[in-house]
Structures are given as C-alpha cells and as structure tokens.
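Take a look at the structure below.
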Amino acid sequence: MTRFIRKAAAIVLAIAFMAAPALALDRAAIVAQACGGPGSMTEAAAALTAGVATASKDDAAWAATLSGAAIERTLKCGSPPVIAAPAGARDAATLAPATSADGTSPLLSLKNRPLFETARAAATLFSGVTQGERGAALSALERRAGSLPPELFEKAADAETDVGLKERILGVGQAALLNSPDVSKRISAIERISVSADRRSLTQVAGLKTDPAYATDQAFKAAVDAGVASIERRLQISNALNTLYNGLSFASILFMASAGLAIIFGLMGVINLAQGEFIMIGAYVTYAVQEVLRAAAPDLLDWYLIVAIPIVFLATAGVGVFLEATLVRRLYTRPLMTLLATWAVSLLIVNLVRVGVGTQNLQFVTPSWMSGGHLLMGDFIVTWNRLFAIVFAAATLVLTWVVLKRTPLGLNIRAVTQNRAMAGCLGIATRRVDMMAFGLGSGLAGLAGLALCPIYNVNPQMGSNFIVDSFMVVVLGGVGTLAGTVIASLGVGQINVLIEPLYGAVAAKVIVLLMIIAFLQWRPDGLFAVKGRRK
C-alpha cells in the first residue's frame, strides 16, 4: 500500500513538473555574493538551495561545484573569481579554463558552512552521476528536511531513475511538507506518512501536537490524532509479529534439539545427558565442512550449510551408534548408571574439543542468501538467518514424521516404545532398533547444531545451554511423542520470548520451569501420553 501511494505521488509530481521550464541560475550574481561578506554569502547559499529545484542539470552540477569550492576554500575571489583545482583553475561562473588562480578564499562562518553544505547536497541530489552520490546527498538533506522547500524533493523524485531512491526522496519530501505553510499540504503529508508504521514516522507526526495549528485548526488536529493512532496500531501489530517470529525461531531450535531426545528417552528410557554435546558436534562438523570448501571449492562456500546437512547427520548419528553399542547398551537396566555415564561422556567430549580445537567461538561465513532480511511492516523484519532455522526445522519435522510413520524402522520404533516385550516376541530385534533409534536421535541433534551456526555462538559449551530446555520440552510434550514435542517447543519458545524482555533470560527460564512443574502436577504424562506401556 505504501509503495502504491508513493508511486501515485510520483506520477502526480511528474505531471505537475512536466510543463515547468528549467530556470537558469544567475551564476555571476551568486559568485559575487559568495565572494562578499558573511551576509551576502548567506544569500548565495540560499539562492543555490532554492534555485536547484528549478534549474537545469548543468546548473545543478555547477551549484554543487561552487558550493564544494566554498567549503573546501578552493574558491579564489580575484578578478575574475576562479576555482582552483589540480587540473587547472576554472572560471567560477562558467567553469571554463582560467589562466590564473589569484585571489583570496572567503572564510565560511559557523552559520554559513552548514548552509553551503546543504546547498551542495541539494545540488548533488539532482546532478550526482551515481546512485551512491545521490543517496549520500539525500542522507545529508534528510536531517534538514524541515528547513528545505518541499518542491526540491518533489522535482528530485521526478528526475530520479532508481526506484528505491525515488521512494526515499518521496518519504523525505513528505516529512518536509509537514512544515509547509499550506495546512492542506500538511494534512496530506500526515496521511501519507501515517501509512508507513515506524517509530520515526510516529515521532514526526506526534511532534505536531506542539504545533500552533494543532490548537487552532480542527482539521489539522484531527489529522494528527488519526495519524498517531494509525501508526501506534500498526506498531503494535508489528511488535506482536516480531514476538511471534522470534518465538517461532527459538521454538524451531528447541524442537530440533528435543526431537532426538524424545525418541531416545521415549524408546529406551535413557536420560542422555550427552545430547547437548551432539548439538555441539553437529556445529563443529559444519565448521569443518566450511573450511574444506573454503580450501578445495571456494565457489561453493556460499552453500556450505546445504552441503553439510547429510555429512552432519551421518557424523553425529555415527557417534551416537558408537556410544550406544559400546556403553549405553550395557546399562539399560540401571537408569542411574546410564545418567552418570552419559554425563561423563558429555564432559569427555567437551574437554576433547577444548584440547583439540580450543575454547574460542568459531567464525562462520554468512551466506549471501542468508544475509539481511525483508521489512514487512513497522519494525517487523523477516531476517533470512532465522527464517532458515524455521524452514529447516519444518523440513526436519516432516522427514522425521515420514521415518516414524511410513518406514519399517519407524514402525519398529513405535512398537518397541509401546511394548518392548511384545515387540521382541513378534521377532523385532529390539537391540538393533535401540541402536538405530539412538543414531537417529543423535543425528537430529547434530542437525540442530547446524541450524544454530548462523545465529548462535559456537563453542564447546554451547550444548549445555540447550540440554535443560530440551528435557523440559520432552517431559511437557509427553515422552516419546513427536506431536507433543512440536507443541511443547512452540509453547516454551513463545513463553520465553514473551517473558525474557520483562524479567531477563535467567528469570524467564525459572518462570517457565515453574509453569511446567505446575502443569505436570495436573497432567503427569504431559500433553500427549504414549499409547501402551514400555516394558
């Protein structure tokens, strides 16, 4: 809607200025004023600023050159006045080559310097060769938009060829119209600015409540009040979207960290305290893939996250299978010993990484397709790195569901989870299912580490920050249920994001933990209880 209004405004302005002839600046008179005293120099700067809006492009380029010469003291007020340059002196009025550069340079006062800087920026906005020059000039004018004639921005927008810069010019011009002596133009500007819901627009429109017209003109007062209410309403919506988006991105990481734990805990009853370290291993394997691509195939470096997906899954799943076959399998009947053993494994992995790699945070390349984001409305920006985590978690959820519901391995996992003894009697190799399930759960944790690389600090301690949250999600959702893990992740993620700005990160975790404890008093099996009973 905002873009449509600005395009319509640009068309109207183009029609309005189509018939307006370019008026030549009186170069000789302006040069004479620039070489006069402080008062005449002020008049020269004002004439340059006011004249570029109706001047030709050549006159605008001359105005930018003269203003820059006055600022840099290369303007020599001799007879005739010239502009000194390394390539040779030029006549100040015609820019034709001059024979000498005699004369003194006028000294700008503290009052006149910003006036000439404004004049140079205004002239560059019309005559700048590159889009970068014109954008920098607009940024300089933006701070002084209220003191400039709105027509300057209107004609600049009409002449601009870059769509993005044209929209910026129109936005600055609308802000300048807020100080127009014509009340109808000010009301129109308020209505246009109110469409863009950001805090800068709110400051601009709300500041008009101190304007004398607010107390004397009812139409102006109504426009200001309606504009403030519209912007505040849109900002509330954008804030809610920001909270939802941040909570969703946090929940996606929680799900990926918890899904594997839910499978392992639900199937084997093993409290795997090394699950956080599998997340860390996944992140470090991703870093290794990045460095290999940097050395062997730098053209593919932008896609290292995609290339790393199967490698990370297989590597962490292999570590999980090895751990289950060598240690966990012998401790199934002793839960306390399993807990202590996996805790010892987590400490071993952390210290091995510390010794072998170091304790510093790893530096990851941000792919070009994950850099930045898109402003949807107000302050709500969809950042590509968080969107990647959300989409990646959704894809992982779909693939995990397919494995558990549509494959023989998934059928065996569900059978063993519901009744291990009966599944064994039916010929299912329960120990082999345990090993494959442990590998699957470990691989999912490794993928969580991969998703964390663009948005989180990767170091040997990163896994321990997720293990408590993961267990909370698994217990809250119901041990061994994928649907419960998804819903619990969404709930814990959103509640954390809502509470954290109010009470801090530590207090948010404590409050969430207390809420989960209270919920489990009412529903001990969690949100979804597994059908049957594990024997």
Side-chain angles (χ1 to χ4, degrees), residues 255-275 278 313-314 316-339 341-342 393-448 470-489 520 523-535:
F255 164 74
M256 296 187 65
S258 307
L261 188 62
I263 294 172
I264 295 171
F265 193 19
L267 176 67
M268 295 171 282
V270 173
I271 302 176
N272 180 21
L273 292 183
Q275 188 75 1
F278 287 122
F313 180 81
L314 293 175
T316 51
V319 175
V321 168
F322 176 78
L323 177 62
E324 193 278 338
T326 58
L327 180 63
V328 176
R329 177 174 297 182
R330 294 169 172 77
L331 302 174
Y332 281 143
T333 57
R334 291 177 285 177
L336 180 59
M337 293 301 296
T338 305
L339 186 149
T342 54
T396 303
L397 169 61
V398 172
L399 291 176
T400 305
W401 182 87
V402 170
V403 169
L404 293 178
K405 299 295 185 181
R406 294 289 185 268
T407 64
L409 174 62
L411 179 62
N412 291 340
I413 289 176
R414 286 184 287 126
V416 174
T417 300
Q418 292 179 20
N419 195 313
R420 177 180 290 270
M422 183 60 69
C425 292
L426 292 175
I428 296 175
T430 57
R431 292 306 186 193
R432 182 174 180 275
V433 171
D434 289 340
M435 181 179 66
M436 297 301 292
F438 206 99
L440 175 61
S442 302
L444 291 175
L447 293 181
S470 298
F471 273 107
M472 287 196 301
V473 167
V474 170
V475 174
L476 177 62
V479 176
T481 61
L482 190 62
T485 304
V486 173
I487 295 175
S489 298
L520 293 177
R523 195 177 179 88
D525 292 332
L527 293 171
F528 296 89
V530 179
K531 294 180 181 180
R533 185 177 58 176
R534 181 175 57 82
K535 298 294 185 182

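Because only heavy atoms are used, hydrogens play no part in the values below, and waters and symmetry mates are left out as well, while side chains stay in. Since the model is a prediction, treat every value here as computed from it, not as a measurement.
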Report yes if some heavy atom in the side chain of [X] is under 4.5 Å from a heavy atom in the side chain of [Y]; otherwise report no.
X: Val321; Y: Phe438; answer: no
X: Leu447; Y: Phe278; answer: no
X: Phe471; Y: Gln275; answer: no

Handout entry: Flag, side chain of Thr338 to backbone of Leu331, donor-acceptor distance under 3.5 Å
Key =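 Such a contact is found between Thr338 side chain and Leu331 backbone.
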
Problem - N/O donor-acceptor pair under 3.5 Å between Thr342 side chain and Leu339 backbone - result: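 Pair found, side chain donor or acceptor close to backbone of Leu339.
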
Tell me the closest heavy-atom pair linking [X] and [Y], and the distance in Å.
X: Ile428; Y: Ala415; result: CD1-CB, 3.9 Å
X: Ser442; Y: Gly320; result: OG-CA, 3.3 Å
X: Ala341; Y: Leu327; result: CB-CD2, 3.9 Å
X: Ser470; Y: Ser258; result: CA-OG, 3.3 Å

Exercise for the section: For atom CE of Met436, decide whether the heavy atoms of other residues, nucleotides or ligands shown that lie under 6.0 angstrom number more than 12. Expected result: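 Counting other residues, nucleotides and ligands, CE of Met436 stays at 12 neighbours or fewer.
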
Problem - Residues in side chain to side chain donor-acceptor pair (under 3.5 Å) contact with Arg329, at least two apart in sequence or another chain - result: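 Testing Arg329 for side chain to side chain donor-acceptor pair (under 3.5 Å), a comparison that skips the adjacent residues, returns Glu324.
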
Rounded to the nearest 0.5 Å, what's the gap from [atom1] on [X] to [atom2] on [Y]? Could you check?
X: Thr485; Y: Leu261; atom1: OG1; atom2: CG; value: 8.5 Å
X: Ile413; Y: Ile264; atom1: CD1; atom2: CD1; value: 10.0 Å
X: Ile263; Y: Asn272; atom1: CD1; atom2: CG; value: 12.5 Å
X: Thr396; Y: Phe313; atom1: OG1; atom2: CZ; value: 9.5 Å
X: Arg432; Y: Leu409; atom1: CZ; atom2: CG; value: 7.5 Å

Exercise for the section: List the steps and the verdict of side-chain contact (heavy atoms from CB on, under 4.5 Å) for Leu444 and Met256. Expected result: CA-CA 6 Å; Leu444 291 175; Met256 296 187 65; over 6 Å; no

Problem - For Thr316, side-chain contact (heavy atoms from CB on, under 4.5 Å) partners two or more places apart - result: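 Thr316: side-chain contact (heavy atoms from CB on, under 4.5 Å) contacts with Ile281.
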
Problem - Partners passing side-chain contact (heavy atoms from CB on, under 4.5 Å) against Leu520 (at least two apart in sequence or in another chain) - result: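 Once residues adjacent in sequence are excluded, the partners of Leu520 under the side-chain contact (heavy atoms from CB on, under 4.5 Å) criterion are Val475, Ile516.
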
